Amino acid sequence: MPFEVYNTLTRKLEPFRTLEPGIVRMYNCGPTVYGRAHIGNFRAYLFADTLRRWLEISGYEVRQVMNITDVGHLLDDADAGEDKIEAQARKEQLDPWAISRRHTEQFFRDLEDLGCLPARVYPKASEHIPEMLEMIEGLVAKGYAYRAGEDVYYEVAKFPRYGRLSGNSVAELDAGARIDVREEKRHPADFALWKSDPHHLMKWKSRFGEHGFPGWHIECSAMARRHLGDRLDVHTGGEDNIFPHHECEIAQSEAFTGQPFATYWMHTKFLQVDGGKMSKRLGNCYSLDDVRAKGFTVRALRFCLIRGHYRQPLNFTWDILREATSVLENLDDLVVRLRRAQSGAAGAASADAGIEEVGEAMAEFRAALDDDLNVPRALAALMALRALALEERLGASAAAQALQFVVHVAQRALGCIQVEEGSLAAEVEAKIRERNAARKARDFARSDALRDDLVRLGITLEDTKAGVLWKHKDSGAGGGPIA
RNA sequence: GGCGGCAUAGCCAAGUGGUAAGGCAACGGAUUGCAAAUCCGUUAUUCCCCGGUUCGAAUCCGGGUGCCGCCUCCA
């Protein structure tokens, strides 16, 4: 079964084929760095990371590019005035460049904490102004764009496919009363490629004028082209990007290059919080720090955000994160059990016992992710593996095979399962031995006090016939037995 | 007003024509010095509602209700 993905452009599940064998050119719409990213933003970036991971496991070289929008485009295409980075800068009485620099750094820290593999390039809009101008000038020259004073607009009527991605038509957009009609635009749906405003702080000189800055959509077309070439295999983003952002990107890029822009357009559904839309007013635009402050790990958050299918709505509540934490602990535990079965400490007598079931679970896991990244289905396959381990139906060699799979495929794909064996500080190990001695002496008051101590240190114990197994509660890393 | 998506047990969630996966939580029992972990068992005659097609529908069609997204900055 080949990898199949849902393509927003065709509204169908399609076999995944790249332009160049073995290489995937992937562009992910990244953040506008004017504030701290919240868990909803991360759902989209985590989807991109999961896709990248699965493509790599499938043998592709993934050329992943995620843009950083550090030039605040206008709050509004109709030019209601302010740019959001500049608005934030004014609020904080800081230089807009300082705002974008600070939030870019914070964004990278958050991505790393979430276990996202770094993209090959994180191009900044501010560093690609010449590339944008090259495209804008080209579009004017080809007749797809027109100048209005010192502004430049894209003329959607010149691009018949405009609306194909989102299912809108230029005629319907015309009827939609929500786009402010600007006098200088030939059609209400025409969008800005370049704007001019002497009051802007982030501005550049160009042949269009002294005080210009790019429109919202051109940066992605220009940066994708610069770093990946005229054509892409995959372009991702949140569902809100479908229109107008991606629709406009297609119009710009394809008009400019004369070639199809991206083969596959993949979009993540919005994350809801408490069953509704996140909003600053409700105070539920949670950041990673909010998650930590509530006592949860970022690792558990990652799991919580990727365990649902990316095209299904996903709800977030603290209770749901609590549940996800439990599930993840069981996944960590799967590794511990397999390692034990592999060493022959616990398992079936015959080394090959369970080899067939292990093979089925592994095949199901792969088939699930090949099916448009069906993570929930893949997790069920992992749970099947766990049942085999718990029921001690795996021989040493079957367990070894399963363990290799979990570490090198499942964890590599999901990025949040603890597969490392933990290490213990000497004094903690001493406490465990002391508790063992107390239990042997039937001094249960002493042994229970020591166990409570260890819990406070984040160590949970499991008493078995062979000795005590332990693990770090948050990281899930463990070891033992200690006799 | 236009376009699109979703609705499966207390909760998360798979399943797109063949008779409801998996998980979390809960409860009862076993095990344990007590716990934890683990094991056994229980938890949707039914898939938002109403019609229709079919031998047969959660799955297809029509209508309705609710929620979400886009059309204006947003992942």
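Letters A, B, ... mirror the listed sequences (proteins, then strands); counts begin at 1. For clarity, every value in this text was computed on a predicted model and none was experimentally measured.
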Using atom [atom1] in both nucleotides, what's the gap between [N] and [M] to the nearest angstrom?
N: B:A44; M: B:A36; atom1: P; answer: 26 Å
N: B:U31; M: B:C24; atom1: C1'; answer: 23 Å
N: B:G18; M: B:A25; atom1: C1'; answer: 32 Å
N: B:C74; M: B:G69; atom1: C1'; answer: 11 Å
N: B:U54; M: B:C61; atom1: C1'; answer: 12 Å
N: B:G63; M: B:A13; atom1: C1'; answer: 29 Å
N: B:A35; M: B:G28; atom1: P; answer: 13 Å
N: B:A26; M: B:A9; atom1: C1'; answer: 13 Å

field: RNA chain B: 5'-proximal contact among A:H309 and A:E391 (nearest heavy atom)
entry: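 Closer to the 5' end of RNA chain B: A:H309.
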
- line: Note: for A:Q272 and A:P31 on RNA chain B, the residue whose nearest nucleotide lies more 5' is A:Q272

Minimum heavy-atom distance [X]-[Y], with the two atoms named:
X: A:A37; Y: A:F107; value: CB-CD1, 4.3 Å
X: A:Y162; Y: A:A189; value: OH-O, 4.4 Å
X: A:R339; Y: A:V419; value: NH2-O, 2.7 Å

Which pairs pass salt bridge (charged side-chain N to carboxylate O under 4.0 Å, His left out) with one or both residues in [range], sequence neighbours excluded?
range: residues 40-51 of chain A; result: A:D49-A:R53, A:D49-A:R302
range: residues 234-247 of chain A; result: A:E239-A:K269
range: residues 456-465 of chain A; result: A:R337-A:E462, A:R435-A:D463, A:R439-A:D463, A:D453-A:R456

Atom [atom1] of [X] and atom [atom2] of [N]: how far apart are they, to the nearest Å?
X: A:R36; N: B:C74; atom1: CZ; atom2: C1'; value: 18 Å
X: A:H267; N: B:C68; atom1: NE2; atom2: C1'; value: 17 Å
X: A:L271; N: B:C74; atom1: CG; atom2: C1'; value: 14 Å
X: A:N241; N: B:C3; atom1: CG; atom2: P; value: 22 Å
X: A:K465; N: B:C39; atom1: NZ; atom2: P; value: 13 Å
X: A:R311; N: B:A14; atom1: CZ; atom2: P; value: 11 Å
X: A:K277; N: B:C73; atom1: NZ; atom2: P; value: 12 Å
X: A:D240; N: B:C68; atom1: CG; atom2: P; value: 16 Å

Does [X] reach a base, just sugar-phosphate, or nothing at all? Heavy atoms under 4.0 Å.
X: A:L469; answer: nothing
X: A:H245; answer: nothing
X: A:M66; answer: nothing
X: A:G237; answer: sugar-phosphate
X: A:F47; answer: nothing

message: What's the closest nucleotide to the side chain of A:N41 if the choices are B:C74, B:G69, B:A13?
response: B:C74

- request: When you get a sec, tell me which of B:A13, B:C74, B:G5 is the closest nucleotide to the side chain of A:P376?
  value: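 Of all the options, the side chain of A:P376 is nearest to B:A13.
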
- prompt: Looking at A:F191 versus A:W216, is the centre-to-centre ring distance below 6.0 Å?
  reply: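 Ring centroids of A:F191 and A:W216 are no less than 6.0 Å from each other.
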
Qualifying ring-ring contact (aromatic ring centres under 6.0 Å, His included) pairs, either residue in residues 432-454 of chain A, two or more places apart: none

message: Please enumerate all residues that pass side-chain contact (heavy atoms from CB on, under 4.5 Å) together with A:A380, with sequence neighbours excluded.
response: none

- request: Treating a pair as Watson-Crick (purine N1 to pyrimidine N3 plus N6-O4 or O6-N4) or G-U wobble (N1-O2 and O6-N3) with both distances under 3.5 Å, list the stems of 3 or more consecutive pairs that involve RNA chain B.
  value: B:1-7 with B:65-71, B:10-12 with B:22-24, B:26-30 with B:38-42, B:48-52 with B:60-64

query: If you measure from the ring centre of A:F270 to the centre of the six-membered ring in the base of B:A75, is it under 5.5 Å, with the planes under 30° apart?
result: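 A:F270 ring centre within cut-off of B:A75 base, planes near parallel; stacks.
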
query: Using a cut-off of 4.0 Å between protein heavy atoms and nucleotide atoms, how would you tag nucleotides 22-37 of chain B 5' to 3' with B, S and -?
result: SBSS-------BBBBS

- request: Using only side-chain N and O atoms of A:N28, determine if any of them is under 4.0 Å from OP1 or OP2 of B:A75.
  value: no

Contacts table for residues 111-123 of chain A: side-chain donor-acceptor under 3.5 angstrom, sequence neighbours left out:
{"from": "A:D113", "atom 1": "OD2", "to": "A:R292", "atom 2": "NH2", "distance (Å)": "2.8"}
{"from": "A:R120", "atom 1": "NH2", "to": "A:E61", "atom 2": "OE2", "distance (Å)": "3.3"}
{"from": "A:Y122", "atom 1": "OH", "to": "A:A119", "atom 2": "N", "distance (Å)": "3.0"}

Listing, residues 468-483 of chain A side-chain donor-acceptor contacts under 3.5 Å, not counting sequence neighbours, or none:
{"from": "A:H472", "atom 1": "NE2", "to": "A:S423", "atom 2": "O", "distance (Å)": "3.0"}
{"from": "A:S475", "atom 1": "OG", "to": "A:A477", "atom 2": "N", "distance (Å)": "3.1"}

